[in-house]
Amino acid sequence: MTVFLHRRWYVMYYTYLIGLIFSLSSSSTSVTALAVKGGLPVLSFQLPRFVTNFLPKPPQDQFDIKEKKHDLLESISNTNSGKTATTEQQRSILSQVRQIETSNPPPSTLFTDKTQIEKLDGVWFLKYTSPSSIDDDDDDADDDGADEEKGEEDDEQWTPTIAEDSKIETRQIRMQGSVSAAGITVDVSNKDTRQIFNFDSDGEVTVSNEVELDFGMVVVGGGVRPSDLVYNRLIVSFTICQLILKNGFILDLGFLFAILSIVRGTPDAGWLETTYVDDDIRLGRGNKGTMFILTREK
């Protein structure tokens, strides 16, 4: 029994010395102590930094895209596609959208990779629209806390990276729950609104925007092509504008776009950037500063 205790003290003694040497050689602050507790020696020292660097790290908070998307869709619910969203709601939603955009930007092969094209192709349902920024005049709150929060959000505000053709209008418009195409604005609040991308096998791409109204449906669309300047931007040339009444009568107003293209000197009417896309949600920004949230779900 005596031999066993002596051996135990020897082990603890040499362990203490080793720990002391490590502690002194480490650049980190270390505390080493040898105490007796319950008749048994207790050794306590902080491991040197070069040892702790190899130890497993506690899990870090990760960006949960599924949770962020769920929170975003919750935030835009009951806003009539953005029409009745308050200034505070708009700012909060823009902040949520910006988090998703910056954390998960689309790849540079957005319009060339088959998998990415399949994500874009088909029918999307518009759930929310708003300006991409909120002006001071839009803010009813004038307390210091609100101003500070607004300043922080402005730092993360989306802005176009590169201007396109100067003939494409980029004057910012203040629209909530509405869409605009070449000067034609349609209120989409509480209306079934679809955006349909069609990528055909020949490489041609078209887009069609359809809004269900009380008297029928408005259809605005045309051809699109990838921008040469911004990898996630599509240039739109509108050629189709139809009012399809419920009695089957179709009023074709496409000639208006033809006239506008002559006046502008280019068929390019606008552009749309896809800032995030996956199998069930798509975020976008337009040349007039409008932010869009669309889903595959009706």
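- Side chain of Y231 to main chain of P106: a donor-acceptor pair is present (N/O by atom type, distance under 3.5 Å, no hydrogens or angles).
- Side-chain N or O atoms of S227 include one that pairs as donor or acceptor with a backbone N or O of L229 at under 3.5 Å.
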Exercise for review: Could you check T275 against R285 for side-chain hydrogen bond (donor to acceptor under 3.5 Å, both in side chains), going step by step and ending with a plain yes or no?
Suggested key: CA-CA 7 Å; T275 54; R285 309 277 186 159; 4.7 Å; no
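- Between the side chain of S261 and the backbone N or O of A258 there is at least one donor-acceptor pair closer than 3.5 Å.
- Remark: side-chain polar atoms of S103 are paired, donor with acceptor, to backbone N or O of Q99 under 3.5 angstrom.
- Between E273 and R233, at least one side-chain nitrogen of the basic residue sits less than 4.0 Å from a carboxylate oxygen of the acidic one, meeting the salt-bridge criterion.
- The heavy-atom pair separating F197 from L234 by the smallest distance is CE2-CD1, 3.8 Å.
- In the displayed structure, N247 atom CG is contacted under 6.0 Å by more than 12 heavy atoms of other residues, nucleotides or ligands.
- In this structure, E204 does not pair ionically with R225, as no charged nitrogen and carboxylate oxygen lie closer than 4.0 Å.
- Under the 4.0 Å criterion applied to side-chain N and carboxylate O atoms, E297 and K127 are not assigned as salt-bridge partners.
- Checked by atom type and distance alone, the side chain of N80 never pairs as donor or acceptor with a backbone atom of T84 at under 3.5 Å.
- Using a 4.0 Å cut-off between charged nitrogen and carboxylate oxygen, E101 and R98 count as a salt-bridge pair.
- In this structure, D71 does not pair ionically with K69, as no charged nitrogen and carboxylate oxygen lie closer than 4.0 Å.
- The shortest non-hydrogen separation linking D280 to W124 is C-CZ3, 4.0 Å.
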Review point. How far apart are the C-alpha atoms of K119 and D121, what are their side-chain angles, what is the distance that settles it, and do they pass the salt bridge (charged side-chain N to carboxylate O under 4.0 Å, His left out) test?
Key: CA-CA 6 Å; K119 289 182 180 180; D121 198 32; over 6 Å; no
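- Residue V219 comes nearest to S208 through the heavy atom pair CG1-OG, 3.6 Å, listed as atom of the first residue, atom of the second, then distance.
- In terms of the side-chain hydrogen bond (donor to acceptor under 3.5 Å, both in side chains) criterion, residue partners of S237 (sequence neighbours excluded) are, by chain and number, D268.
- With sequence neighbours excluded, no residue satisfies side-chain hydrogen bond (donor to acceptor under 3.5 Å, both in side chains) with T206.
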